[in-house]
Amino acid sequence: MKARWDIFCSVVDNYGDIGVTWRLARQLVAEHGCEVRLWVDDLRAFERMCPEIDVQLSQQWQEGVEVRHWPAEWQNAPAADVVIAAFACQLPSEYMEAMAERDRVPLWMNLDYLSAEDWVVGCHRLPSVKFKGVQKYFFFPGFRPGTGGLLREAGLLEQRRAFQQDGAAQRQFLQTLGVFPAEGAQLISLFAYENAGLARWLDVLSTDGRATHLVVPEGRILGDVGRWLGVEGLVVGDILQRDALTVQVLPFVRQEQYDRLLWCCDFNAVRGEDSFVRAQWAGRPLLWHIYRQDEDIHLDKLDAFLALYTAALSPAASAALVALWQAWNTEGDMAVVWKKLLEHWPEVNQHAENWCLEQALQADLATALVNFHESWI
Ligand code: TRH
């Protein structure tokens with residue numbers, strides 16, 4: 001019999017919460033034959049990446065996933081065999097009662113935020129709190145063996161490689177977005193939070209000997225881009241050029257299209273959690289804008305990832321990459337560090353692919369969750 005899964009997603013802000021849970025839900029259905037209900041409290045955020053979502057409906061099916069609006073006033077629903085509270089969201093108390101009342105209690109997990117820190121390995125799969133005999137477990141995605149791994153659909157890397165080897169397919173895809181980079185221009189994508197360091201980076205890109213086409217999906221960084229260009233209120237479709245730099249504002253597209261955009265680019269600036277992982281699967285050099293946390297604890301997370309990511313790089317290339325990422329995340333001077341990175345480009349470029357292959361050796365997160373459930377039964 002198919003296992004029934006309930007995934008609870010509370011959209012805190014931005015798109016990472018829904019981005020991760022939607023991806024996971026689809027993969028559990030498509031690759032593991034699970035029956036999945038995805039409970040989402042904010043369907044508007046969901047609609048941005050899946051335009052088929054009807055925000056008025058309390059129940060709908062999308063790509064085999066039963067999408068349920070998680071209402072403020074909970075309506076009774078039977079508990080599933082496996083229950084995932086994404087990112088420590090609090091389940092409705094009535095639902096917790098329903099879990100405890102089942103003949104066979106469900107496997108209850110908290111799917112945590114992604115972190116490369118050491119302690120994650122020690123905490124992954126540990127029991128957490130208990131509610132009336134229902135045990136909750138920590139489940140940590142991660143980069144190291146001994147963690148839950150990363151979301152990666154079956155065949156993703158093969159698809160990505162075939163696409164990257166097919167210039168015509170890439171041109172055709174970019175055309176659908178209205179992107180026509182000039183011959184020889186490097187293509188860079190920029191998805192980030194507000195960042196005062198951006199201006200200095202754009203300064204060097206615009207004065208570089210090589211042309212750059214910068215594509216910017218609609219979002220929080222647009223204000224900084226506009227300020228640098230001296231334009232107020234940039235909108236989707238705008239294309240502006242300053243010297244060697246062309247800036248183009250793109251719409252927010254569905255996740256599959258965003259993947260393809262990342263695969264087309266020579267360099268991807270990404271943020272948060274899910275786009276950060278997708279840029280790694282793109283096998284291209286990347287720059288991470290980490291989600292800011294109180295007391296700068298996000299900077300420890302950044303360092304932990306950098307230590308892992310740069311371990312196989314030469315000391316000089318590693319130093320260049322670390323300096324670039326740290327400048328970006330502390331609104332430092334991006335001009336010098338960008339130029340420095342360019343000196344190590346071939347190595348950093350090759351490393352992006354190596355890192356991707358190394359990460360793909362680990363079981364993906366959906367498989368790890370299914371395996372945990374099977375071993376728990
Ligand atoms: O939107 P984010 O900043 O989300 C963040 C992080 O998850 C953070 O850890 C969390 O604490 C906070 O939200 C609440 O960045 P992230 O994680 O990359 O999510 C963006 C999602 O949007 C991802 O699934 C990719 C998707 N996306 C599209 O589908 N289309 C697009 O055009 C773009 C730019 C992104």
Side-chain angles (χ1 to χ4, degrees), residues 7-27 38 40-42 44-53 62-63 85-89 110-117 120 140-142 150-153 156 173-174 176-179 187-195 214-222 225 236-237 248-265 268-282 286-294 297-302 304-305 328-329 365-366:
I7 302 176
F8 285 85
C9 172
S10 166
V11 176
V12 179
D13 60 3
N14 302 313
Y15 302 101
D17 311 291
I18 184 60
V20 167
T21 50
W22 171 227
R23 202 181 282 294
L24 171 65
R26 277 182 297 171
Q27 206 185 335
L38 174 59
V40 186
D41 62 354
D42 175 6
R44 294 209 178 271
F46 197 173
E47 190 191 18
R48 293 296 305 280
M49 66 184 63
C50 178
E52 289 78 18
I53 287 289
Q62 298 292 347
E63 300 191 36
F87 310 122
C89 69
N110 180 53
L111 176 62
D112 256 281
Y113 286 106
L114 175 62
S115 170
E117 289 162 298
V120 166
F140 282 91
L150 302 171
L151 281 172
R152 187 185 76 250
E153 297 82 0
L156 179 75
F173 166 73
L174 289 173
T176 63
L177 295 178
V179 176
L187 192 59
I188 298 183
S189 75
L190 173 62
F191 182 48
Y193 308 112
E194 298 78 3
N195 194 325
L214 183 76
V215 285
V216 191
E218 212 183 356
R220 292 173 55 176
I221 191 82
L222 270 193
V225 178
V236 170
Q248 180 166 7
V249 184
L250 296 186
F252 199 92
V253 291
R254 55 177 61 248
Q255 284 182 324
E256 298 72 29
Q257 286 176 296
Y258 181 58
D259 269 341
R260 279 175 172 65
L261 181 67
L262 297 172
W263 300 350
C264 286
C265 288
N268 292 302
V270 285
R271 73 183 204 194
E273 178 158 332
D274 192 51
S275 59
F276 172 48
V277 172
R278 303 316 280 187
Q280 292 169 58
W281 297 138
L286 68 147
L287 174 61
W288 183 28
H289 204 186
I290 191 168
Y291 186 75
R292 215 170 248 232
Q293 286 177 289
D294 292 342
I297 54 170
H298 59 287
L299 295 180
D300 296 335
K301 286 189 183 176
L302 180 73
F305 180 78
W328 190 232
N329 283 287
L365 182 68

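We number each residue from 1, following the sequence as shown. No hydrogens, no waters, no symmetry mates; every other heavy atom, side chains included, goes into these values. Since the structure is predicted, the reported quantities are computational estimates derived from the model, not experimental observations. Order of listing sets the numbers, starting from 1, for every ligand and every atom in it.
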Q | Test item: Phe140 and Ser115 side chains (from C-beta on) under 4.5 Å apart, heavy atoms | A | no
Q: Could you tell me whether the side chains of Arg278 and Asn268 share a donor-acceptor contact shorter than 3.5 Å?
A: no
(Q) Can you see whether Tyr291 engages Asp13 through a side-chain donor-acceptor pair at a distance of less than 3.5 angstrom? (A) yes
Give me the nearest non-hydrogen protein atom to [atom] as residue plus atom name, then the distance to 0.1 Å.
{"atom": "atom 2 (P) of ligand 1", "answer": "Arg271 NE, 3.4 Å"}
{"atom": "atom 4 (O) of ligand 1", "answer": "Gly16 N, 2.9 Å"}
{"atom": "atom 10 (C) of ligand 1", "answer": "Tyr113 CE2, 4.0 Å"}
{"atom": "atom 14 (C) of ligand 1", "answer": "Asp13 OD1, 2.7 Å"}
{"atom": "atom 23 (C) of ligand 1", "answer": "Asp274 OD2, 3.3 Å"}

Regarding ligand 1, does [X] bring an N or O atom to under 3.5 Å of one of the ligand's N or O atoms?
{"X": "Arg254", "value": "no"}
{"X": "Val12", "value": "no"}
{"X": "Glu273", "value": "yes"}
{"X": "Tyr291", "value": "no"}
{"X": "Met49", "value": "no"}

Q: Using the side chain to side chain contact (heavy atoms under 4.5 Å, CB included) rule, pick out the option among Asp17, Val11, Ile18, Thr21 that qualifies with Phe46.
A: Ile18
Q: May I ask you to establish whether Arg260 and Phe173 are in a cation-pi arrangement, using a distance under 6.0 Å from NZ or CZ to the six-membered ring centre and at most 45° from the ring axis?
A: no
**Q.** cation_pi(Arg271, Phe191) dist<6.0 Å, angle<=45
**A.** yes
Q | Test item, Tyr193 contacting ligand 1 (heavy atom, 4.0 angstrom) | A | yes
Q. Can a salt bridge be assigned to the pair Arg292 and Glu194 using a cut-off of 4.0 Å between side-chain N and carboxylate O?
A. no
Q. Any Lys/Arg nitrogen of Arg26 or Glu153 sitting under 4.0 Å from an Asp/Glu carboxylate oxygen of the other?
A. no
Q. For the side chain of His289 and the backbone of Val270, is there at least one donor-acceptor N/O pair under 3.5 Å apart?
A. no
Which ligand 1 atoms does [X] reach within 4.0 Å, using its non-hydrogen atoms?
{"X": "Pro217", "result": "34 (C)"}
{"X": "Asp17", "result": "14 (C)"}
{"X": "Val253", "result": "28 (C), 29 (O), 30 (N), 31 (C), 32 (O)"}

Q) Taking atom 6 (C) of ligand 1 as the point of reference, which of Gly19, Ser275, Gly272 owns the nearest heavy atom? A) Gly272
Q) Which option, Phe252, Tyr15, Phe87, owns the non-hydrogen atom nearest atom 35 (C) of ligand 1? A) Phe252
Q) According to the interplanar angle, ranging from 0 to 90°, do the rings of Trp288 and Phe305 count as parallel (below 30°), tilted (30 to 60°) or perpendicular (above 60°)? A) perpendicular
